[in-house]
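Here the structure is laid out as structure tokens; the discussion comes afterwards.
What you are looking at is a predicted structure, and each value in this text was computed from that prediction instead of being measured. Each chain gets a letter, A, B and so on, in the order its sequence line appears, and its residues count up from 1.
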Protein chains: 2
Amino acid sequence: MDKRTVTAGLMRSINRTIILDLIRTSSPISRSQIACRLGISMPTVMRIVDLLTQEDLVKPLDCVEATGGRPRHMMAFNGGAYAAIGVDLGGSKMVGAIADLDGKLLHETYVPWKDGGSEDALAELCQLIENLMAAPRPADQKIKGIGVGAPGVTFSREGIVSWAPSLGWCNLPLKAILSERFDVPVMVDNDVNLSALGEYGFGSGRGCESLVCIAVGTGIGAGIILGGSPYRGYRHSAGEIGYLLPGVKYLGRRYDGFGALESLASGTGIADRARQLLEQGGCLPPTGVLDAQQVFAAARRDECWARQVVDETIDYLSLAVATVSALLDPEIIVLGGGVARSADLLVEPILARLDGVVPSPPRLVASSLGRRAAVMGAIMLVMYGTTEHVVVNQLI
Amino acid sequence: MDKRTVTAGLMRSINRTIILDLIRTSSPISRSQIACRLGISMPTVMRIVDLLTQEDLVKPLDCVEATGGRPRHMMAFNGGAYAAIGVDLGGSKMVGAIADLDGKLLHETYVPWKDGGSEDALAELCQLIENLMAAPRPADQKIKGIGVGAPGVTFSREGIVSWAPSLGWCNLPLKAILSERFDVPVMVDNDVNLSALGEYGFGSGRGCESLVCIAVGTGIGAGIILGGSPYRGYRHSAGEIGYLLPGVKYLGRRYDGFGALESLASGTGIADRARQLLEQGGCLPPTGVLDAQQVFAAARRDECWARQVVDETIDYLSLAVATVSALLDPEIIVLGGGVARSADLLVEPILARLDGVVPSPPRLVASSLGRRAAVMGAIMLVMYGTTEHVVVNQLI
DNA sequence: AATACTTTCTAACTGTCTGTATGTATCCCC
DNA sequence: GGGGATACATACAGACAGTTAGAAAGTATT
């Protein structure tokens, strides 16, 4: 595909993007500060900030700052003027929220999944969106759009969910369907990419240049943000670290739908390993069914079998973190997904195991958004996607 | 760091970059075709192509193409007008070349490394460059610059080799030294990044959007090209796949200077494993010393011990390829480095092992530039680095 | 308190670049 | 040789960022 040529209009879009991002991350800030910080002339800043103010994306504050000369009039990002709807279609649940562009939650819903076919999932999604739209919020607040994260392969540019087995969706043109029905812009992406975007915009990775979010839940996946932009790969399957191989002996098999690493270290894998260990030892699992949460709880109580399962989990996750660090060297690695609720048991031991193992040890932190990460990422996706968000890059 | 704002001048640079790249990859091409292909107006194409012609980067051809109307005057990239010098400082050798911007080699030298200290390496490098500059070439051909690939950690923007143990260099401002001495632009980068850039520009990965070059030599490293640009990571240590861990049991150790994977599957590692196996079996290595080349040669003769070593090597490399594919999903993976001379023994078996293992199987091919990859990458680096090479990217 | 100084903000103008519109050149086909 | 088609050329208009100079609104100084 050919690169994009530039006209005066796109030049304005690029500068607008940069100024808006600066205001968003540095409010309150005055126009002269923007000019100085970006090395851009005052009139240009004036013109663009005026436009942003007209669009309600930026608002002047009352506060001024003394400088020895004429005082600065401070401006701020006006995230409250718009709301966005974000939905995270998980493997076993659906989390939806409506929030303003500052990331302030206005309303949130959580719907556990009834196991149904494709039609049902779509109908429930529409119902959820309708409920969120009806939630009470400031009278003059407009809706910017809807962002949806789907568990599977997505073509985010086209807005198509190409393959989401847990929903029974195949080549579903979700963007077309939803934007037709709700008459607002709709953005679609992979749920793990959205988690990464959420952490990048509102969570542990705020202000970072590059970030990888390792989401450990039903499966394991990684969302990759490089230079502020989600990296999706040539065949839309970057970040599929559930398919990493924790050893040569995992080579000779087929992994259809579930990868080698995730069959060991995902929530499901943790529970499986615990069950096996207990059965081996002659004990029955505590309550018949057993999930990762219970394993971690038992490990906190220092039960021997659970400690062993958790230790092995730490080993496997260390492998994943080492891989990401050695290959991509991101500024920060965020541990997310359901298992991240037990991140306090994981982060330090993983870092300890990586000492001396990888060339430059990563910053590894727990998700600060928890199960809301993908939803917040969807808000971010809408914010970026509804205005031309474009930057220049120096090759080399 | 703040993103870059745009003025009319940078707008011109961007469009210039895109037009030049199109001419380079699609010569011969007419100006009207460029306008049509890029969706840009004719006058703009005219103006920029005129400038490029004045700079001698583009030349009009005599040939015309009938169209039913006024025939197209074809233009072509004029790579022959400039030469660039590329040097690949390997762990055990120094390869240098002078080539024109089409990638046509004019002269090449190969200097095996005498083991000396920092001063020696630099002096020999300077000598090599001087020899290359003195090589006979077309009279009117100007020299665009010098590109150097160093085996270690480099800060390519600053032109500093921060840590190259095999040369004894630490924080050496190579760019400053060489550009002072030779009075031409100098670019510095990691040798593996340059191999990737070479394959991307002139080798197996020509025209690809993203590429990972896995270089298996004394060590193992990967060069990563995403969106036409080398990706180097936040701490300049992306692509260090020599440090991948082929199993949980490799966790509890320290790897100083040599990673887990490369101690098994690099040229050195292959020789080590072969030696161990032979000693175990009571045989002595054929000639006392033993290197990877000999192991592959023996495997071709179907000697049992060598087949086993090669099979294990294939397993380890499959792990590396699977990792790259699962995490980055590049358009193409190129197998390079010294071991790639035996790529015919490796590529097919690796692909076979990956069938059903990774979500979307990669295109895996052998390097087509061989030991010249990094040198050609250096040429590429000079070509990109000496003119403002800049593009726009849509975030999201 | 009046003045000088400093910094922010505003307005008019200039320069650069791309696009549009129109004109010209050069072929093929009849 | 004329009509049609396509490529190339030129003149002008529009959009945008930068420059310059000046007004506004404070603080420091005398």
In this structure, how many angstroms lie between the P atom of D:dA9 and the CZ atom of B:R72, rounded? 15 Å

Expressed as a whole number of angstroms, how long is the span from B:E388:CD to C:dC17:P? 12 Å

Touch check for B:T7, heavy atoms < 4.0 angstrom, all strands: base, sugar-phosphate only, or nothing? sugar-phosphate

Sequence-aligned protein contact record of nucleotides 25-30 of chain D, with B where the base is within under 4.0 Å of a protein heavy atom and S where only the sugar-phosphate is: BBS---

Please report, rounded to the nearest Å, how far the C1' atom of C:dG19 is from the CE atom of B:M42. 13 Å

Heavy atoms under 4.0 Å, any strand shown: does B:R31 hit a base, just sugar-phosphate, or nothing? sugar-phosphate

Audit row: B:R16, B:L52, side chain to side chain contact (heavy atoms under 4.5 Å, CB included) steps and yes/no: CA-CA 8 Å; B:R16 197 194 96 111; B:L52 291 171; 3.5 Å; yes

Atom CE of A:M11 to atom C1' of D:dG14: distance rounded to whole Å? 12 Å

Taking the basic N atoms (NZ, or NE/NH1/NH2) and the acidic carboxylate oxygens, is any pair closer than 4.0 Å for B:R4 and B:E388? yes

Nearest-Å distance for atom pair CZ/P, residues B:R47 and D:dC8: 16 Å

Is B:Q141 reaching over with its side chain to a backbone N or O of B:G80, donor-acceptor style, under 3.5 angstrom? yes

Atom CD1 of A:I14 and atom P of D:dA15 are separated, to the nearest Å, by 18 Å

Divergence of helical axes at both termini of the helix from C:dA1-D:dT30 to C:dC30-D:dG1 - five pairs an end, 10° steps: 10°

Look at A:T44 and D:dG18 and indicate whether a side-chain polar atom (N or O) is within less than 4.0 Å of OP1 or OP2. yes

Side-chain N or O of A:N15 less than 4.0 angstrom from OP1 or OP2 on D:dC16? no

Between B:T44 (side chain only) and B:I40 (backbone N and O only), is there a donor and an acceptor less than 3.5 Å apart? no

Parallel, tilted or perpendicular: rings of A:H389 and A:Y384 (30°, 60°): parallel

For atom OH of A:Y82, is the number of surrounding heavy atoms from other residues, nucleotides or ligands below 6.0 Å larger than 12? yes

Rounding to a whole Å, what distance do you find between A:E65:CD and C:dT7:P? 14 Å

Please report the distance, rounded to the nearest Å, between CE in A:M46 and C1' in C:dC9. 6 Å

Just N and O in the side chain of A:S32: are any of them under 4.0 Å from OP1 or OP2 of C:dC9? yes

Quick one: do the A:T154 and A:S156 side chains pair a donor with an acceptor below 3.5 Å? no

Assuming nearest nucleotide by heavy-atom distance, tell me which of A:M74 and B:I48 is located more 5' along DNA chain C. A:M74

Any base atoms under 4.0 Å from B:V64, or only sugar-phosphate, or nothing? Heavy atoms, all strands. nothing

SB check A:R137 A:D100 (cutoff 4.0 Å): no

Closer than 4.0 Å, any side-chain N/O of B:R12 to the OP1 or OP2 of C:dT18? yes

